[in-house]
Amino acid sequence: MADIAAVPLTPASPPRGALARAERFVWLTARVLEQRLFAHHFRDGAPGPVETALDAYRNDDGGYGHGLEPALRGPAVLPAHTARALGVLDAVGRCDARRAEDVCRYLTSVSTAEGALPAVGTYANGGGAARAPGSLSATAPVVGLLHRNEVWHPWLFRATDFCRQAVESLEAARPGDVEAAVLFLDHAPDRARAKAAAERLGHLVRREGLVVLDPDGSGARPTTSAASGHAPGDRPFPHDYARTPDSLARAWFTDAEMDRSLDALAAAQQDDGGWPAPRLPGAQEPTPGVLLEARPIATIEALRVLTAYGRPV
């Protein structure tokens, strides 16, 4: 069998460019799902193969499992897997009503009475959903994605109310909660209320120092996944909050601050062409297998942020 490393890359990007290096990294290390995602985002690949690859992780109850979220191993269907699945479907334009109905049925079965999903760390540490408290960081990204795709479901009404109240009551917030709040606010249906909440959060982030504004002087390592959190001691960068220029969080930072943040993100590409993997909140130290699967995800997300801001890759 021919070594895939010997297969020449397509001529669409320069051999030494960031995209070409990332492409080689993805082909050599990624799961089929991330290979298909990379092809869709950067090589005009069709969405169908991405959805087909994602179906391998889907269970009959409408949820997803089987290690779709790399840090959570095993076949169990968990909310964190389903959140990642929704992100994939949204990225390829396949988060339609049919899919959402199945997903929301599963989410209803595992949510609290308020419609909130249990904290990711509950599962990362070997726990279960029973009697687990609801978590903004677990619930808000899912609710935001469903609103982005104009999905309506009885569970979503309760979950939206939970997110609104949780976001508007954030005071001594953790970075992961703020990142999740932004993903909700960017697509929440009441735009005036969302903008007011976002403005308040922006003041909180700067006042409490929940962001790295001077990468050269911080010594911190950039992170690349808003949904996955940060290792102890790490703080998010502006691009972790404002992942696209039209995010409400973009107004929190000056052009110079965002430029420095994107410079740091671009510089975080490693020698093998991939970006480092972030830590899942509450998870144990990742195993080599987890890191191997998580880094292509982080690489694709980093490239998407850079291209969203018009940075050449």
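These numbers come from the heavy atoms of this one structure, side chains and all, not from hydrogens, waters or symmetry mates.
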inquiry  = Evaluate V143 against W155 for side-chain contact (heavy atoms from CB on, under 4.5 Å), listing each step before the verdict.
reply    = CA-CA 10 Å; V143 175; W155 171 79; 4.0 Å; yes
key: salt bridge (Lys or Arg N to Asp or Glu O under 4.0 Å) partners of D255, counting only residues at least two apart   = R250
Test side-chain contact (heavy atoms from CB on, under 4.5 Å) applied to L78 and T82, step by step = CA-CA 7 Å; L78 302 175; T82 303; over 6 Å; no
remark   = Looking only at heavy atoms, the pair that brings R84 and P70 closest together is NE-CD, 4.3 Å
query = Between D96 and N149, is any side-chain donor less than 3.5 angstrom from a side-chain acceptor?
reply = no
inquiry  = Suppose we screen for side-chain hydrogen bond (donor to acceptor under 3.5 Å, both in side chains). Which residues come up paired with S261, at least two apart in sequence or across chains?
reply    = H239
inquiry  = Could you check whether D272 pairs with R295 (Lys NZ or Arg NE/NH1/NH2 to Asp/Glu carboxylate O, under 4.0 Å)?
reply    = yes
ask   = Looking at side-chain heavy atoms only, is the closest gap between V305 and F237 below 4.5 Å?
value = no
task = Could you tell me whether the side chain of H187 and the main chain of L145 form a donor-acceptor pair under 3.5 Å?
result = no
Interatomic spacing from CZ in R24 to OG1 in T29 - rounded to 0.5 Å = 10.5 Å
ask   = Which pairs, with at least one residue in residues 102-111 and sequence neighbours excluded, count as a salt bridge (Lys or Arg N to Asp or Glu O under 4.0 Å)?
value = R58-D102, D102-R105
Shortest non-hydrogen separation from V290 to A71 and the atoms involved = CG1-CA, 3.8 Å
inquiry  = Can you confirm whether more than 12 heavy atoms, excluding those of D246, are under 6.0 Å from its CG atom?
reply    = yes
request  = Mind checking side-chain hydrogen bond (donor to acceptor under 3.5 Å, both in side chains) for R311 and listing every partner two or more places apart, or none if nothing turns up?
outcome  = D263
request  = Using the test salt bridge (Lys or Arg N to Asp or Glu O under 4.0 Å), find all partners of R36 that sit at least two apart in sequence or belong to another chain.
outcome  = none
remark   = Taking every heavy atom of P118 against every heavy atom of S135, the minimum-distance pair comes out as C-CB, 4.0 Å
Validation row: L37, I297 side chains within 4.5 angstrom (heavy atoms) = no
query = Does a salt bridge link R243 with E179, judged by any charged N lying under 4.0 Å from a carboxylate O?
reply = no
inquiry  = Return the CG to CG distance between L201 and L185, rounded to the nearest 0.5 Å.
reply    = 6.5 Å
task = Please say whether more than 12 non-hydrogen atoms of neighbouring residues, nucleotides or ligands are located less than 6.0 Å from CZ in R148.
result = no
request  = Could you tell me whether the side chain of L303 reaches within less than 4.5 Å of the side chain of W275, counting heavy atoms only?
outcome  = yes
request  = Using salt bridge (Lys or Arg N to Asp or Glu O under 4.0 Å) as the criterion, list what pairs up with D161, not counting sequence neighbours.
outcome  = R164
request  = For residues S109 and D61, determine if any side-chain heavy atom of one lies less than 4.5 Å from a side-chain heavy atom of the other.
outcome  = no
key: Pair I300-H41, side-chain contact (heavy atoms from CB on, under 4.5 Å): steps then yes or no   = CA-CA 8 Å; I300 292 170; H41 288 307; 3.9 Å; yes
query = Quick check: are there more than 12 heavy atoms from other residues, nucleotides or ligands sitting under 6.0 Å from CD of E150?
reply = no
note = Minimal heavy-atom distance between A166 and L136, with the atoms involved, is CB-CD1, 3.9 Å
note = Shortest non-hydrogen pair, T299 vs G274, comes out as OG1-CA, 3.3 Å
message = Are more than 12 heavy atoms, taken from residues, nucleotides or ligands other than E168, located less than 6.0 Å from that residue's CD atom?
response = yes
inquiry  = Just so I know, are the side chains of F184 and T160 near enough to count as touching, which here means a heavy-atom distance under 4.5 Å?
reply    = yes
query = Quick check: does any side chain N or O of R200 sit under 3.5 Å from a backbone N or O of L170, one acting as donor and the other as acceptor?
reply = yes
task = Give, for atom CZ of F25 and atom CD of E34, the distance between the pair rounded to the nearest 0.5 Å.
result = 10.5 Å
query = ring-ring contact (aromatic ring centres under 6.0 Å, His included) with H147: which residues, sequence neighbours excluded?
reply = W152
request  = Look only at the side chain of T139 and the backbone of L117, and say whether a donor-acceptor pair between them is shorter than 3.5 Å.
outcome  = yes
ask   = When you check the gap from the basic side-chain N to the acidic O, do R31 and E293 get nearer than 4.0 Å?
value = yes
note = Across all chains, not counting sequence neighbours, the side-chain contact (heavy atoms from CB on, under 4.5 Å) partners of A113 are none
message = Can you give me the closest heavy-atom contact between P276 and A268, atom names plus distance?
response = CD-O, 3.4 Å
ask   = What residues form a side-chain contact (heavy atoms from CB on, under 4.5 Å) with H66, not counting sequence neighbours?
value = Y57, N59, P75
inquiry  = List the residues meeting side-chain contact (heavy atoms from CB on, under 4.5 Å) with S247, not counting sequence neighbours, and say none if there are none.
reply    = V182, D186, A242, T244, A249
note = Rounded to the nearest 0.5 Å, the CZ atom of R99 sits from the CG atom of D90 at a distance of 14.0 Å
message = Going by side-chain contact (heavy atoms from CB on, under 4.5 Å), name the residues that satisfy it together with T307, two or more places apart in sequence or in a different chain.
response = F42, V313
ask   = Side-chain heavy atoms under 4.5 angstrom apart, residues restricted to Ile, Leu, Val, Met, Phe, Trp, Tyr: same cluster for V103 and F162?
value = no
ask   = Hey, are the side chains of L248 and R191 touching, using non-hydrogen atoms and a 4.5 Å cut-off?
value = yes
request  = Would you mind reporting whether F253 and L213 have side-chain heavy atoms less than 4.5 Å apart?
outcome  = yes
request  = Give, for atom CZ of R174 and atom CD of E208, the distance between the pair rounded to the nearest 0.5 Å.
outcome  = 14.5 Å
key: 4.5 Å side-chain heavy-atom contact, V92 and E51   = no
request  = Could you list the residues that satisfy salt bridge (Lys or Arg N to Asp or Glu O under 4.0 Å) with D190, not counting sequence neighbours?
outcome  = none
task = Just do the side-chain contact (heavy atoms from CB on, under 4.5 Å) check on Q165 and E114 with the steps written out, would you?
result = CA-CA 11 Å; Q165 294 174 18; E114 295 81 14; over 6 Å; no
